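Have a look at the structure below, then the notes.
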Amino acid sequence: MDRSVDPCHDFYQYSCGGWEATNVIPGHTETFDNFEAGQDDVYIMLKSILETVQLGELEAISKVKRMYSSCIDYDRIESQGAEPLWNYLERIGPWPLLPGIW
């Protein structure tokens with residue numbers, strides 16, 4: 001709430017002004033509410049957790065962190081192109097969509 005505004009003059013500013021003053025609406029969205037603010041906070045915490053290596057972590061946690069790291073390594077992804085995917089598909093194949101099969 002923005003108690004500096006007369007609710008009879010500008011009810012919207014009176015009721016929402018406090019929230020607007022403390023929450024910046026991100027440029028990537030037209031709307032922003034408490035749920036989206038909470039979701040952004042969760043994404044930030046999750047990113048921090050995934051990017052922090054700790055000794056003695058469970059193997060499953062280490063694997064998730066490695067997978068995340070590989071997914072955001074854009075330079076490596078671009079340099080390898082589709083080759084790793086083709087190799088994987090050939091290993092699990094046969095797939096009629098692979099080059100030379102159909």
Side-chain angles (χ1 to χ4, degrees):
M1 292 178 70
D2 182 355
R3 295 182 189 266
S4 68
V5 176
D6 180 1
C8 295
H9 177 69
D10 188 349
F11 186 75
Y12 179 82
Q13 183 62 34
Y14 173 78
S15 61
C16 300
W19 192 88
E20 289 178 338
T22 58
N23 294 280
V24 177
I25 298 174
H28 67 276
T29 182
E30 294 179 13
T31 62
F32 195 66
D33 58 24
N34 286 333
F35 296 109
E36 292 177 59
Q39 185 178 31
D40 284 352
D41 290 344
V42 169
Y43 287 154
I44 290 167
M45 287 188 299
L46 183 57
K47 184 177 186 291
S48 174
I49 290 168
L50 290 171
E51 292 176 348
T52 304
V53 177
Q54 295 180 349
L55 296 175
E57 287 182 321
L58 295 173
E59 183 181 358
I61 302 295
S62 295
K63 286 181 178 181
V64 167
K65 289 182 177 185
R66 265 194 318 245
M67 176 67 79
Y68 172 78
S69 177
S70 69
C71 288
I72 63 169
D73 188 354
Y74 300 114
D75 293 334
R76 185 172 180 195
I77 291 169
E78 289 296 322
S79 71
Q80 290 181 338
E83 191 63 30
L85 176 61
W86 287 120
N87 292 339
Y88 177 74
L89 291 175
E90 286 175 354
R91 211 171 56 237
I92 65 168
W95 277 47
L97 298 178
L98 293 177
I101 292 179
W102 55 308

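Fair warning: this is a prediction, and the values are worked out from it, not measured in the lab.
- Cluster membership check: Tyr88 shares its hydrophobic cluster with Trp86, using side-chain heavy-atom separations under 4.5 Å among Ile, Leu, Val, Met, Phe, Trp and Tyr.
- Salt bridge status for Lys65 with Glu51: absent, with no side-chain N to carboxylate O gap under 4.0 Å.
- Contact detail for Gly81 and Pro84: the closest heavy-atom pair is O-CD, 3.6 Å.
- Atoms CE and CD, from Met1 and Gln13 in turn, are 11.5 Å apart once rounded to the nearest 0.5 Å.
- Here the closest heavy-atom approach between residue Val5 and residue Asp10 is recorded as CG1-O, 3.6 Å.
- Linking ILVMFWY side-chain heavy atoms closer than 4.5 Å, directly or via other members, places Ile72 and Ile49 in two distinct hydrophobic clusters.
- The cluster map of Ile, Leu, Val, Met, Phe, Trp and Tyr, joined by side-chain heavy atoms under 4.5 Å apart, puts Ile92 and Leu85 in the same cluster.
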Q. Step by step, would you call Tyr14 with His9 a side chain to side chain contact (heavy atoms under 4.5 Å, CB included)?
A. CA-CA 9 Å; Tyr14 173 78; His9 177 69; over 6 Å; no

Q: Run the numbers on Tyr74 and Glu78 for side-chain hydrogen bond (donor to acceptor under 3.5 Å, both in side chains), then give the verdict.
A: CA-CA 6 Å; Tyr74 300 114; Glu78 289 296 322; over 6 Å; no

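- By the rule that hydrophobic residues join a cluster once side-chain heavy atoms approach within less than 4.5 Å of another member, Val64 and Leu46 end up as members of one cluster.
- The distance from atom OG1 of Thr52 to atom NZ of Lys47, rounded to the nearest 0.5 Å, is 9.5 Å.
- Separating the CZ atom in Arg66 from the SG atom in Cys71 is a distance of 12.5 Å, to the nearest 0.5 Å.
- Note: Ser69 OG to Arg76 CZ = 9.0 Å, rounded to the nearest 0.5 Å.
- At a threshold of 4.5 Å between non-hydrogen side-chain atoms, the residues Glu90 and Asn87 count as touching.
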